[in-house]
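First the structure, in the form of structure tokens, and then the observations on it.
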Amino acid sequence: MLVATSMIMGAIVDGDFAGVERMTGGERMSAPDLERAVSRIGGKLIRPPVSSYEKQSFSEVTGTQPRRFETRVAIWTAGQGRTKAELVLRFHEDIPDTVWPEVISLSVEDH
């Protein structure tokens, strides 16, 4: 899940919103939705420091079958560093030890 989180965040920073939509199915957030969310954040997005991924946690969503896990990734910009914006990802474990990601939200309002 950590590798997928890093890949999705990297694609968002690179502006590859269509790539994120392909990776996640685009059910909750399509490529245009992601692009609008990034433009609302403002500034040039940058990748979070590698050290931030060392602290990344994944919480199991209770009462879900198959199992699901969520994580929140802080959004960083060149001008501000860490912002109040967050990327929320959910991972679905349909087959044991195999997950597929879903973007739940990308916004400042998630705090």
Side-chain angles (χ1 to χ4, degrees):
M1 289 186 284
L2 189 56
V3 171
T5 299
S6 176
M7 288 175 61
I8 292 167
M9 191 67 232
I12 289 171
V13 167
D14 292 343
D16 184 9
F17 307 116
V20 174
E21 184 175 351
R22 281 191 302 276
M23 282 189 271
T24 63
E27 291 186 29
R28 292 199 189 219
M29 292 198 78
S30 66
D33 294 334
L34 290 165
E35 189 169 8
R36 278 190 297 277
V38 167
S39 70
R40 282 193 302 269
I41 293 167
K44 178 178 173 21
L45 298 189
I46 60 173
R47 285 174 172 72
V50 173
S51 62
S52 69
Y53 289 111
E54 294 169 0
K55 301 171 189 150
Q56 196 69 44
S57 64
F58 297 85
S59 303
E60 186 166 358
V61 179
T62 57
T64 59
Q65 196 63 331
R67 293 170 58 189
R68 291 175 173 79
F69 302 87
E70 280 191 4
T71 192
R72 295 173 181 271
V73 183
I75 303 299
W76 293 65
T77 65
Q80 290 182 288
R82 184 180 176 144
T83 69
K84 292 182 181 178
E86 285 185 323
L87 171 66
V88 180
L89 298 173
R90 181 175 292 163
F91 293 89
H92 302 255
E93 185 182 62
D94 293 334
I95 301 168
D97 300 323
T98 304
V99 295
W100 62 271
E102 176 182 23
V103 175
I104 301 299
S105 64
L106 173 59
S107 66
V108 176
E109 294 79 27
D110 286 335
H111 283 321

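Quick note: residue numbers are just sequence positions, from 1.
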Worksheet item: Is there a donor-acceptor pair under 3.5 Å between the side chain of Ser6 and the backbone N or O of Val3?
Response: no

Worksheet item: Passes side chain to side chain contact (heavy atoms under 4.5 Å, CB included), Thr24 versus Arg90? Steps please.
Response: CA-CA 10 Å; Thr24 63; Arg90 181 175 292 163; over 6 Å; no

Worksheet item: If you look at every heavy atom in Arg68 and Thr64, which pair is closest and at what distance?
Response: N-OG1, 3.3 Å

Practice prompt. Please report the closest heavy-atom contact between Ala74 and Pro48, naming both atoms and the distance.
Written response: O-CG, 4.0 Å

Worksheet, complete the sentence: Closest non-hydrogen atoms of Ser57 and Thr71, given as atom of the first, atom of the second and distance, are O-OG1, 2.7 Å

Discussion item. Ser51 vs Glu54, test: side chain to side chain contact (heavy atoms under 4.5 Å, CB included). Steps then yes/no.
Written reply: CA-CA 5 Å; Ser51 62; Glu54 294 169 0; 4.2 Å; yes

Fill in: Test item: Asp14 and Arg47 side chains (from C-beta on) under 4.5 Å apart, heavy atoms
yes

Discussion item. Could you measure the distance from the CZ atom of Phe91 to the CD atom of Glu60? Nearest 0.5 Å is fine.
Written reply: 14.0 Å

Discussion item. Looking at every non-hydrogen atom in both residues, tell me the closest pair between Thr77 and Gly42 and how far apart they are.
Written reply: CG2-O, 3.6 Å

Worksheet item: How many angstroms lie between atom CZ of Arg72 and atom OG of Ser105, to the nearest 0.5 angstrom?
Response: 6.5 Å

Worksheet item: Does the pair Met23 and Glu21 meet the rule for a side chain to side chain contact (heavy atoms under 4.5 Å, CB included), with working shown?
Response: CA-CA 6 Å; Met23 282 189 271; Glu21 184 175 351; over 6 Å; no

Practice prompt. Mind listing the closest non-hydrogen atom pair of Val20 and Val103 along with its distance?
Written response: CG1-CG2, 3.9 Å

Worksheet item: Applying the 4.5 Å side-chain criterion to the ILVMFWY set and letting contacts propagate, would Val73 and Val38 be lumped into a single cluster?
Response: yes

Worksheet item: When you look at Leu106 and Ile75, which way does the side chain to side chain contact (heavy atoms under 4.5 Å, CB included) test go after all the steps?
Response: CA-CA 9 Å; Leu106 173 59; Ile75 303 299; 3.6 Å; yes

Item to complete: To the nearest 0.5 Å, tell me how far Arg82 CZ sits from Ile46 CD1.
Response: 12.5 Å

Worksheet item: Is a side-chain donor or acceptor of Thr5 paired with a backbone partner of Met1 at a separation under 3.5 angstrom?
Response: yes

Practice prompt. Working to the nearest 0.5 Å, report the span between NZ of Lys44 and CD of Gln80.
Written response: 14.5 Å

Fill in: Same apolar cluster: Leu2 and Val99, side chain cutoff 4.5 Å
yes

Worksheet, complete the sentence: One should read off an interatomic distance between Met7 CE and Ile12 CD1, to the nearest 0.5 angstrom, of 12.0 Å

Worksheet item: Hey, any chance Leu45 and Leu87 share a hydrophobic cluster, counting ILVMFWY side chains that come within less than 4.5 Å of each other, even indirectly?
Response: yes

Discussion item. Nearest 0.5 angstrom please: Phe58 CZ to Glu70 CD, how far?
Written reply: 11.5 Å

